Structure formats: C-alpha cells, structure tokens
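In what follows, every chain begins at residue 1, and chains take the letters A, B, ... in the order their sequences are listed. Note that the structure is a prediction, hence the values are computed from the model and not measured.
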Number of protein chains: 2
Amino acid sequence: MTDTDELLSIRAAELYYEENKTQDEIGTVLRLTRWKVGRLLAQAKASGFIRIEIVHPRARRLSIERRLRETTQLTDAIVVSSAGVSTDEELQSRTAQAAADYLTGLRPVPRTLGISWGRTLHEVSLHLAQGWASGVNVVQINGGVSLNRRAGTAAATAVTIAHKASGAATLLPSPAILERLDTKTAIEADRSVAAVLNLGAAASAYLFSAGQADQNSALVDSGYLTAEQVAELVRKGAVGDIVGRYIDSNGNIVDPELNGRTVGIQLEALRHAKTAIAVITGGSKHSIARAVVGSGLCTVLVTDEDTALAILGENA
Amino acid sequence: MTDTDELLSIRAAELYYEENKTQDEIGTVLRLTRWKVGRLLAQAKASGFIRIEIVHPRARRLSIERRLRETTQLTDAIVVSSAGVSTDEELQSRTAQAAADYLTGLRPVPRTLGISWGRTLHEVSLHLAQGWASGVNVVQINGGVSLNRRAGTAAATAVTIAHKASGAATLLPSPAILERLDTKTAIEADRSVAAVLNLGAAASAYLFSAGQADQNSALVDSGYLTAEQVAELVRKGAVGDIVGRYIDSNGNIVDPELNGRTVGIQLEALRHAKTAIAVITGGSKHSIARAVVGSGLCTVLVTDEDTALAILGENA
DNA sequence: GGTCATGTTGCTCATCTGCGCATTCGAGCA
DNA sequence: TGCTCGAATGCGCAGATGAGCAACATGACC
C-alpha cells in the first residue's frame, strides 16, 4: 500500500515538476482526486525525493546559513552553493565573490578595514567593484613583505581594495615571521611598524582568510616556514593559521615560541572585534574553519557549502 | 540592469525554494512588488537556474520521453532518470525495473512473448513481479545454448519470465552462431528448431536488448566470437548486435556471411512487429541504441537518460 | 519638441493550492 | 455480527499564484 503510494507520488511529481501540469490534471491522468495528488506531492517533498537546486555562481544556501547562525556564535554567515561546481578554483571564485558582495553591503561602512593577505583575499579584492564604498582605509594586520613574488600580491591586495573604495592602503613593512625573537621585538618597536600595528588593532572591521596546516600553506610557499616545521606543528595539534598564527582545533596558539616571532595583530584583537569577517573555502580547510568558528575568532563567516556542513558536523 | 535583475532573481529563488516564503513576503524583504517577484522567479526558471530533480529509483524523464516520441518513429519511450546514480549497475537495475514495469502494464497482454537473452534481459526477469500477467508464453528468438555457464542464465531468463506469468517457456535449442553455414541450415531445418523459430516469428510482442560491439560483448564472452572477429566487424562499421546479428549505424547487417550462420528470427520480423520493446542502457551502448531506434528495429525503447539524450543528439 | 515603438510596472481576475474539518473506510476485536 | 478507533478521504475556504491588460516610462528617430 505504502509502496504503491510512493510510486504514485513519483509519477505525480514527474507530471507536476517536469510537465508542469496542474494537480487537477494529474488527478485525471492517474485517476485520483486532486486532493490525493496534493498529498502525494507533499509526501514526495517530505520524503526528500524532490531536490531543488539553484544553479548559479551567486547562489547561496540560506538554510545552512540559518543553521550556522543558530548553532554558533556567528552574527552572520554567508554560504555559497556548490551546485554545478566542478573545480576548486570555481568554488574559490564564488566564495570570493560572496565575500566581496558582503563587504560591499556591510553597514556601517568601516572607516578602517584590517586585512590579511593570501590567495583568497587577493581574489576578493579582484571581485570588488570599483566604488564598492567611499573612503575606506585599508591596513594590513599581519606581516606582508614576503620573501618572494607573493610580496607584490600581498601589497596589491590591500592597494586594490583601498583604491576601489577611494581610500588609502597602509602596508605593514615587516616579514610575517622572524627568525629571532629579538629581531621581531626590535622591528615591532620601530615607529613605522608600531604605528601600523596600532592602526590595525583599532580597525573598525577585519577581513581575513585562513591557511591550512600542510606543505601547501602560503607560509611555506613564501619561505617563512619549511614543510618540516609545519609537519611538526601538525604533530602539536595545529589545524591551520590565522593572520600567520597557528592554532589547534580549540583555537589556541600551538607554538608560543613561534607565535612570539610572528608579526601582526593578536588573535585577541579579532576575538573582541565587532566585525571580523573570515573567508574560508575548500576541502582542505574544513578543520581550520571549524576551529575559527568554534573559538569565536570571527563574527562573520563567508564559506562554501561543504565547509559549512563540515562545521555543522553533517558530513564526516 | 539585467545584471541586477539576474542577481535579484537568484535571491528571490533562494527565499522561495529554500525558505519557502511566499512571493509577497519575498517582495517585502527585497523591496519589490509581489508581481515583480513572480516575474523574477519565472525568469529564473526560464534561464535554467532552477534545477528540479526527482531522486528516486523509479523516477522517469517524461520530457525526454516526449521528445523521443516526437522525433523518432517510436510509439513509446521509457527513460529512467540517472539523478543520484553512481554506478553503472544501479542504472542497469533501474532500467530493468522500468522495462519490467512497462511489460507488466502492456495492453493487450501478449499471448506469446519473444525474448532474447543477456545480462539485461536476465535482470528484467528478476524485477518482474510474480503474477505480472497470466498465461503469457515465452519463446526465445535467438540461439540460447551458449558455450559456457551463461547457458543456464539464458534459459533461466525465459523460464522465470514465463513462470511469473503462469505461462510456458519455449527454448531455442541451438547455438547462437554456428561455424559452418551448412550446419546452420541443417539445424534450422530440424523440426524441433524450426517449430521454435516459427513460434518466435509469430510472437505477439518482442522484448530484447542489444550488445555493444567490443571485446566485452556477450557473444565474445560466451565464446561465439573472438575479440579479433569483433574488431574486424567494427572495422566494417558494426556498432553492436541485436538478437545476435551485428548491424552498422544505419541498422544494416554488417557481415552477411556471419549473419547467415546466426540462428534466430530475422531483423525484419522485429521491424514489422507491432510491439518490439528494446531495453538498452549504459554509456557503451549509445551507438547501438541510436542505430536500433534510427532504423526502426523497435517500437518501444526502454533506456536511461544519457542514452536517450545521445539518441536525440544532445550530448556529443 | 513630437511621435512612435518597446519594454516595464501595477493591477484585476480566474485559477490553483494548502489547510482544517467532517466524513468515510477498514482493520482489529468482543 | 456489530462496534471502536485511527487513518485515509473528500471538501470548503482562504491565501497564493499566473495570465492578461492597461498605464506608464524609456529611448530612438524624425
């Protein structure tokens, strides 16, 4: 009996959704009353047989966003749909676009925006429209002078975001990580660096990404750390880094000594910020995303569907 | 302008389909009139941004079936959905189920059903319900005594279908292909074989599958042909076989000599039959499916979504 | 500036659809 | 057999929706 009904509900759904016939017409074809048809369709939906996807680069998953807001301390969450996405690049592009959109719509418009650097942030900067805001000053919040070609990218990211908002960019003239603690202390004490750090610590909003803890990390790529050092960090529980600082799944600093040699604002500044927007996407960043959200390092998360589900614990 | 509208239509679609809000509510949220929202949703659908799939083993693609009926000579077409299918086995099972369903609902109920043999047909026999009809006699229409363990399967298929319909099965006691023409002529002349062939030629309906022309063909597997012989047939234009007879993309016999040594009803019998149901599924059978449908070898086709689209020429 | 063609907007109305309630059906049981 | 109760069914109604239409804006061209 239930078996027959299930089959009927599929037939009804085909006629309703594919052939868009009216419930009454379907009733005539299947020799049922239109009320029965309505109930069969409701049943089909309830059983999850009907899958509706919005296939578009700008599509979002509102239901997942809502669940994220409800089950975490996030004040806002943006989850881009991964429907119809085949490559990782495409997903990154979608997420960056969403971050740019969010930033554009952000109210109040931040006077000073603190940003990190990396591939993700760079892509966000490219997706921002010219004139996305007016008079937003951008300040780097972690060491941005890298040891290779990425240097240009880091600076370009800040400059682009500022330029498109008719604002000024303030770069942090320091390496991300120094080899010796006293060098780091010295550079931090330097007026030009200290001023930027103070500006960063007082920013009205933050926009940053996260790096996964493996040999593909941007910090390894930039030459600040070796693959072995990262492996050692993983052994100590690291899941990834935020503004250059490696944290474990609870959001705690993994290696205080290394952290001491890292130049940039403290994680506490992010934790207490009114607006801290994290942009994290990709399968390799599920753990770090979970850590960031779980330990309150951001107030807003922009991410993709799969990462969001991982944070909600809905796919192992 | 159109760009903004497109984005709005996506936002509207999210609220409508994911959050199932009413168009009026969406209007309030997005500051639009409800008519505008309705138009945006219509636009989103028309642009193909909204994808509705029915995820169920018994789901069919009615729109594709209709197009098949319209653009070919088929009197009926059954196309199973491949939504949510991960393995080829699953697709074969779905198609076999659909064929069993179609056979069960076939009117008038055939008094005599001519069948071929093979993996597909066997699976159809398993999916038929006990008592799917009453008093249907089954007759094999091509050589069924194979050279190895498949023999049992071929016979079992016929017997199962007949048994479940309280009918009798008539087996064709002959190899599919003989090595010498005169042996074939002799065996065909034998009363026991001739009687079965006559019965088959007079069947009120046919149910058969098709084999692709490669080394995985059932005829190779059964030992009737070698991989080399099949390769040679392909060189001559063969795309697959129907009841043991290899045809090219126009539905013509590829090798008359080989065809002369093949035991079973002629293709003409299928072409002139009132009801000839072909069950063809899987990526490797797109060409043979196209040939069968294109050359009028069946009146009814049971297949999967991808094969159907290939026949319609909608995916290269 | 005037005129026309085109596309957009707001609206009415007929239709479609989901919800709540009364009725009926049918299995289980005395 | 007759009874009881829960589930399935049929239905009225109000809210939601799509089609068609008139008014209006827009912009091209004379």
Side-chain angles (χ1 to χ4, degrees), chain A residues 1-56 58-63 65-67 81 129 131, chain B residues 1-56 58-63 65-67 81 83 101 105 129-131:
Chain A
M1 205 45 122
T2 306
D3 194 33
T4 317
D5 262 21
E6 184 171 313
L7 199 50
L8 271 178
S9 75
I10 296 301
R11 296 287 154 258
E14 287 163 357
L15 293 164
Y16 192 73
Y17 292 105
E18 275 212 63
E19 304 284 89
N20 49 280
K21 290 193 188 296
T22 175
Q23 297 188 357
D24 213 358
E25 290 176 299
I26 297 172
T28 309
V29 176
L30 301 181
R31 292 156 192 275
L32 301 166
T33 63
R34 69 189 178 85
W35 296 283
K36 177 75 177 171
V37 174
R39 287 187 174 108
L40 286 173
L41 287 173
Q43 192 185 314
K45 254 196 238 176
S47 311
F49 297 151
I50 314 297
R51 185 160 68 198
I52 301 183
E53 279 182 339
I54 304 174
V55 187
H56 191 280
R58 307 288 267 268
R60 284 162 47 188
R61 299 300 315 275
L62 300 186
S63 60
E65 294 180 359
R66 183 158 29 77
R67 271 183 287 161
S81 164
Chain B
M1 205 48 122
T2 306
D3 195 32
T4 318
D5 261 21
E6 184 171 311
L7 200 50
L8 270 178
S9 76
I10 296 301
R11 296 286 154 260
E14 287 163 357
L15 292 164
Y16 192 73
Y17 292 105
E18 275 213 61
E19 305 284 271
N20 49 281
K21 290 191 188 297
T22 175
Q23 296 188 359
D24 213 359
E25 290 176 299
I26 298 172
T28 310
V29 176
L30 301 182
R31 295 156 188 274
L32 300 167
T33 63
R34 70 190 180 82
W35 296 283
K36 178 75 176 171
V37 174
R39 287 184 178 112
L40 286 173
L41 288 172
Q43 192 184 315
K45 253 197 238 176
S47 311
F49 298 151
I50 313 297
R51 185 160 68 199
I52 301 183
E53 280 183 338
I54 304 174
V55 188
H56 191 280
R58 307 287 268 267
R60 283 161 49 186
R61 297 300 315 275
L62 300 186
S63 60
E65 294 180 359
R66 183 157 31 75
R67 273 183 286 160
S81 165
D101 288 348
Q130 183 66 44

Protein-nucleic acid N or O pairs under 3.5 Å, nucleotides 15-17 of chain C:
{"from": "C:dT17", "atom 1": "OP1", "to": "A:Tyr16", "atom 2": "OH", "distance (Å)": "3.0"}
{"from": "C:dT17", "atom 1": "OP2", "to": "A:Thr22", "atom 2": "OG1", "distance (Å)": "2.7"}
{"from": "C:dT17", "atom 1": "OP2", "to": "A:Gln23", "atom 2": "N", "distance (Å)": "2.8"}

## Note on the structure
Sorted by chain and number, sequence neighbours left out, side chain to side chain contact (heavy atoms under 4.5 Å, CB included) with A:Ile52 holds for A:Ile50, B:Tyr17, B:Ile50, B:Ile52

Please tabulate, one pair per line, all N/O donor-acceptor pairs under 3.5 Å involving side-chain atoms of residues 31-49 of chain B, not counting sequence neighbours.
{"from": "B:Thr33", "atom 1": "OG1", "to": "B:Lys36", "atom 2": "N", "distance (Å)": "3.2"}
{"from": "B:Lys36", "atom 1": "NZ", "to": "B:Asp5", "atom 2": "OD2", "distance (Å)": "3.3"}
{"from": "B:Ser47", "atom 1": "OG", "to": "B:Gln43", "atom 2": "O", "distance (Å)": "2.7"}

### Query
Does the side chain of A:Arg51 come within less than 4.5 Å of B:Arg51's, by heavy atoms?
no

### Message
Once side-chain hydrogen bond (donor to acceptor under 3.5 Å, both in side chains) is applied, do any residues pair with B:Ser63, and if so which ones, sequence neighbours excluded?
### Response
A:Glu18

### Summary
Closest heavy-atom pair, B:Ser81 versus B:Ala83, reported as atoms and distance to 0.1 Å, is OG-N, 3.0 Å

### Heavy-atom closest contact (B:Arg60 atom, A:Arg11 atom, distance)
CD-NH2, 3.8 Å

### Summary
Contacted region of DNA chain D by chain B, from 5' end to 3' end of the hits, cut-off under 4.0 Å to heavy atoms, spans D:dA16 to D:dG20

### Query
Which value, rounded to the nearest 0.5 Å, describes the distance between A:Thr28 atom OG1 and A:Leu15 atom CG?
11.0 Å

### Summary
Sorted by number, residues from residues 36-49 of chain B placing a heavy atom under 4.0 Å from DNA chain C are B:Lys36, B:Arg39

### Query
Any idea which heavy atoms bring B:Ile26 and B:Lys21 closest together, and the distance?
CG1-CB, 4.0 Å

### Query
What residues form a salt bridge (Lys or Arg N to Asp or Glu O under 4.0 Å) with B:Glu25, not counting sequence neighbours?
none

### Message
Let's test your reading of the model: under 3.5 Å, does the base of C:dT8 pair with the side chain of B:Trp35 as donor and acceptor?
### Response
no

### Message
Return the CG to CG distance between A:Leu7 and A:Leu30, rounded to the nearest 0.5 Å.
### Response
10.0 Å

